[in-house]
Colleague: 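Here's a structure for you.
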Amino acid sequence: MSSNPVAETVSSLMPRAKEELTALVAFKSVADFDQFPRSESVGAANWIASALRAEGFQDVDLLDTPDGTQSVYGCLPGPEGAKTVLLYAHYDVQPPLDEAAWATPPFELTERDGRWYGRGAADCKGGVLMHLLALRALKADGGVPVHVKFIAEGSEEQGTGGLERYAEQHPELLAADTIVIGDAGNFRVGLPTVTSTLRGMTLVRVKVDTLEGNLHSGQFGGAAPDALAALIRVLDSLRAEDGSTTVDGLASDSAWEGLAYDEEQFRRDARVLDGVELIGSGSVADRIWARPAVTVLGIDCPPVVGATPSVQASARALVSLRVPPGVDAGEATKLLQAHVESRTPWGARVAVEQIGQGQAFRADTTSPAYQAMADAMAVAYPGEEMQYAGQGGSIPLCNTLAALYPRAEILLIGLSEPEAQIHAVNESVSPEELERLSVAEALFLRNYAAG
């Protein structure tokens, strides 16, 4: 990174950033209060609120959103007549999954092999620190040249839409000329990337019933309809022989035009076992950024340990469907429901309940903000040109903000590059990426203000 005052300031602040990220990661802020205490999320929200107040933010508040969680808001006034930029991150995290599988405790930030490990280190508590570092660097070098609004969401990982609905009820609150979503990531470490598309999603719970109660498999098996077997048939119908997603009526042949994703690199990034094939057809980028993808997230059925010789009367599954830009998530939900109902065998009773949904997103990469970011990233990542990539995941808030503020430019950057292993065990963040992206964001704000 070429020497400049902003870069030097960010570099000097990295030890403090590590201490702060350690404190923030320590909160078990999973927004599923059946699994984790609400107090952990409240603690993380209050930590961020205190950090904003310490940086001179005004009107700092914990917003009670309709899904029962809190988002942290604050505003930092800039020069008179300056543009307004909204900085977004989220402080809620995914559950740690199997804590025994972590090399170090998931809620203790631990340095190992040049990376910092901990749940939320990259997704997205590191994003909170990225924004703070950028603002601190600007304050140390002449001041922040724009009005800044800061929002840290408390339930992004749950997909329950609390902040989306709150923003719709208070449309003036998050209004901005440009919005920087700090919840994406570079295509790989060291390659500056903005995310130009996001897939949408729908989440449904499928329940199959066949009997009034479980039956002895020796006495009734062979004629009694097995609900678990029926559910397996339904779930299997959602994939073609090659693993491609097949929902009746949903197109699955779109192509990605942009950054290519080498298949061998993807195998390494996804940690695919030797000899196991990738699923689907088309390029890797087609499959993960431009086409629908179904995933069975969980099945309610008897565990192997303790199972009895019974024909199952009832079975449930949680099914996620990612939908590409250009496909309405509501329409995809209807198609998924119709597919499940038509493919349920033996006249079994089936119920499909939608429990989450978010629309896909496509950014306008021709806007002035993207040029300002490209120039900033060229300084933060010398010798590298900013790339445009898709992201298979969903950030439903993006479409809400785009609808509320159609003139606002929306950029997605962040720390969730492949090595970060977000949502998996041993999530980590690259401190070098945190440093470079903080510099890039600071320079972007300066470039954008001058544009």
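All values derive from a computational prediction rather than experimental measurement.
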Colleague: Between the side chain of R322 and the main-chain N/O of I288, is any donor-acceptor distance below 3.5 Å?
Modeller: no
Colleague: Applying side chain to side chain contact (heavy atoms under 4.5 Å, CB included), name anything that partners L76, two or more places apart in sequence or on another chain.
Modeller: F57, V144, V148
Colleague: Counting N and O atoms only, with roles assigned by atom type, does the side chain of E427 sit under 3.5 Å from a partner on the main chain of A122, one being a donor and the other an acceptor?
Modeller: yes
Colleague: Using side-chain heavy atoms (C-beta onward) and a distance below 4.5 Å, is R271 in contact with Q421?
Modeller: yes
Colleague: Restricting to non-hydrogen atoms, name the atom on L318 and the atom on I355 that form the minimum distance, rounded to 0.1 Å.
Modeller: CD1-CD1, 3.3 Å
Colleague: After noting the C-alpha distance and the side-chain angles of T202 and Q354, does the key distance pass the side-chain contact (heavy atoms from CB on, under 4.5 Å) rule?
Modeller: CA-CA 7 Å; T202 186; Q354 182 181 17; 3.5 Å; yes
Colleague: Quick test of your reading of the model: are E99 and R119 salt-bridged, counting only N-O distances below 4.0 Å?
Modeller: no
Colleague: Extract all donor-acceptor atom pairs below 3.5 Å that involve side chains of residues 16-25 and protein atoms in other chains or at least two apart in sequence.
Modeller:
residue	atom	partner	partner atom	Å
R16	NE	E20	OE2	3.4
K18	NZ	E111	OE1	2.6
E20	OE1	R136	NH1	2.8
E20	OE2	R136	NH2	2.9
T22	OG1	K18	O	2.7

Colleague: Does atom CD (E277) have a neighbourhood of more than 12 heavy atoms from anything else shown, all under 6.0 Å?
Modeller: no
Colleague: Looking at R38, E40, K125, which one forms a side-chain hydrogen bond (donor to acceptor under 3.5 Å, both in side chains) with S29?
Modeller: K125
Colleague: As a quick check of understanding, evaluate side-chain hydrogen bond (donor to acceptor under 3.5 Å, both in side chains) for N186 and E433, giving each step before the final call.
Modeller: CA-CA 9 Å; N186 286 343; E433 289 285 77; 2.8 Å; yes
Colleague: Roughly how far, to the nearest 0.5 Å, is CG of D269 from CZ of F187?
Modeller: 7.0 Å
Colleague: Can you see which heavy atom on S237 is nearest to which on H339, and at what distance?
Modeller: OG-NE2, 2.9 Å
Colleague: Heavy atoms only: give me the nearest S438-A134 pair and the separation to one decimal.
Modeller: O-CB, 3.5 Å
Colleague: Less than 3.5 Å apart, any donor N or O on the side chain of E108 or T110 sitting next to an acceptor on the other?
Modeller: no
Colleague: Donor-acceptor check, side chain of N399 to backbone of A360, threshold 3.5 angstrom: yes or no?
Modeller: yes
Colleague: Could you tell me whether the side chain of Y91 reaches within less than 4.5 Å of the side chain of F27, counting heavy atoms only?
Modeller: no
Colleague: Where the side chain of D141 meets the backbone of V6, is there a donor-acceptor pair that is under 3.5 Å apart?
Modeller: no
Colleague: Where is the tightest heavy-atom contact between E263 and L278, given as atom of each residue plus distance?
Modeller: CG-CD1, 3.4 Å
Colleague: So does I232 get a backbone contact from the side chain of D236, meaning a donor-acceptor N/O pair under 3.5 Å?
Modeller: no
Colleague: Would one find more than 12 heavy atoms of other residues, nucleotides or ligands at under 6.0 Å from atom NZ of K28?
Modeller: no
Colleague: Pairs under 3.5 angstrom only: tabulate donor-acceptor contacts from the side chains of residues 78-88 to other protein residues two or more places apart or in another chain.
Modeller:
residue	atom	partner	partner atom	Å
K83	NZ	Y448	O	3.0
K83	NZ	G451	O	3.4
Y88	OH	E153	OE1	2.5

Colleague: Rounded to the nearest 0.5 Å, how far does CG of N447 lie from CE of M377?
Modeller: 12.0 Å
Colleague: To the nearest 0.5 Å, what is the distance between OG1 on T245 and CZ on R287?
Modeller: 11.5 Å
Colleague: Apply side chain to side chain contact (heavy atoms under 4.5 Å, CB included) to N426 and list each qualifying residue two or more places apart in sequence or on a separate chain.
Modeller: W102, A103, R112, Y117
Colleague: Between R362 (side chain) and T197 (backbone), is there a donor-acceptor pair under 3.5 Å?
Modeller: no
Colleague: Mind listing the closest non-hydrogen atom pair of S71 and G154 along with its distance?
Modeller: OG-N, 3.7 Å
Colleague: For residues 410-417, which side-chain N or O atoms pair as donor and acceptor with protein atoms under 3.5 Å away, sequence neighbours left out?
Modeller:
residue	atom	partner	partner atom	Å
E417	OE1	E419	N	2.8
E417	OE2	R115	NH1	3.4
E417	OE2	R115	NH2	2.7

Colleague: Less than 3.5 Å apart, which donor and acceptor atoms pair up between the side chains of residues 164-171 and the rest of the protein, not counting sequence neighbours?
Modeller:
residue	atom	partner	partner atom	Å
R165	NH1	T160	O	2.9
H170	ND1	Y166	O	3.0

Colleague: For Y388 and E257, test the side chains for any donor-to-acceptor distance below 3.5 angstrom and give the result as yes or no.
Modeller: no
Colleague: Quick one: pull up CG in L198 and CD in Q359 and give me the separation to the nearest 0.5 Å.
Modeller: 12.0 Å
Colleague: Would you find a donor on one side and an acceptor on the other, under 3.5 Å apart, between the side chain of R199 and the backbone of R291?
Modeller: yes
Colleague: Work out which heavy atom in S244 is nearest to a heavy atom in S281; give both atom names and the distance.
Modeller: OG-N, 3.6 Å
Colleague: Do V204 and V206 come close enough that some side-chain heavy atom pair is under 4.5 Å?
Modeller: yes
